[in-house]
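Single-structure report; data block below.
Numbers for residues simply follow the sequence, beginning at 1. Side-chain atoms are counted along with the backbone in the values below, which use heavy atoms only and exclude waters and symmetry mates.
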Amino acid sequence: GNVFTVHGERGALRLDAPFLKAQRLTFFSAAAARRGFVGADAATGGTVGKILGRLPLPGRRIENHAFAGNGLQFEALAVMQAVRAGRTGSEVSPLGDTVAVLDAIEKVLAQPSV
């Protein structure tokens, strides 16, 4: 399946698609990430992937967070609050942060495809 994974020194976090409305978050300890558990169920897919996704793997914790809306309501609310306050920006996502994200995206897109 389509997943978004962030690896760090203390482990990994994985969001299941759709990313704008991700409702399932999986935490992996550093040891579980080293063992390759991070992508095991997602990469396998099908029935085997579903079974692996339900098995209690050591170092993996799954949280489900359902919420109403399409996932963009948070951005719309921040824009509405800024406009009503007469601001052209938001403390939630300052312009400098947005520019940094766009720079990172451009760098990734400039890489040759594998």
Side-chain angles (χ1 to χ4, degrees):
N2 195 9
V3 297
F4 177 75
T5 307
V6 178
H7 293 268
E9 292 179 8
R10 295 174 35 198
L13 298 173
R14 186 179 70 207
L15 287 174
D16 291 354
F19 305 124
L20 288 177
K21 189 180 177 176
Q23 296 185 30
R24 181 175 170 154
L25 176 63
T26 306
F27 299 89
F28 296 90
S29 67
R34 282 191 302 272
R35 286 188 207 110
F37 289 166
V38 174
D41 51 346
T44 305
T47 303
V48 174
K50 288 179 184 177
I51 292 170
L52 285 173
R54 292 185 179 131
L55 288 175
L57 296 175
R60 180 181 72 181
R61 186 177 87 243
I62 300 171
E63 293 182 1
N64 293 298
H65 300 276
F67 61 87
N70 63 11
L72 294 174
Q73 69 269 27
F74 308 111
E75 288 83 352
L77 179 61
V79 169
M80 180 184 69
Q81 290 171 340
V83 168
R84 287 184 175 165
R87 296 189 314 266
T88 58
S90 170
E91 305 84 38
V92 175
S93 183
L95 182 58
D97 291 354
T98 302
V99 171
V101 168
L102 292 173
D103 286 343
I105 290 170
E106 286 180 355
K107 287 177 184 174
V108 169
L109 292 175
Q111 300 297 313
S113 59
V114 180

Single-linkage hydrophobic cluster Val108~Val101, side-chain heavy atoms < 4.5 angstrom: no
Approximate separation, where rounding is to 0.5 Å, of Asn64 CG and Ile62 CD1: 7.5 Å
Note, Phe28 side chain near His7 side chain (heavy atom, < 4.5 Å): no
Note, Asn70 side chain near Lys21 side chain (heavy atom, < 4.5 Å): no
Which atom of Ala32 lies closest to which atom of Gly59, heavy atoms considered: CB-O, 3.6 Å
Approximate separation, where rounding is to 0.5 Å, of Leu102 CG and Lys107 NZ: 12.0 Å
Distance under 6.0 Å and angle within 45° of ring axis: Arg61 vs Phe27: yes
Side-chain touch Gln81/Val79, heavy atoms, less than 4.5 angstrom: no
Pairwise side-chain contact, Leu109 with Glu106, heavy-atom cut-off 4.5 Å (strictly under): no
For Ser90 against Ala78, the heavy-atom pair lying closest together: OG-CB, 4.3 Å
Any side-chain heavy-atom pair of Arg14 and Thr5 under 4.5 Å: yes
Phe4, CZ atom: more than 12 neighbouring heavy atoms under 6.0 Å: no
Within-4.5 Å side-chain heavy-atom neighbours: Leu25 and Leu15: yes
Phe19-Leu13 co-clustered via ILVMFWY side chain contacts under 4.5 Å: yes
Nearest heavy atoms of Ala22 and Asp16, plus distance in Å: CB-O, 3.6 Å
Straight-line distance of Leu77 CG to Glu75 CD, nearest 0.5 Å: 10.0 Å
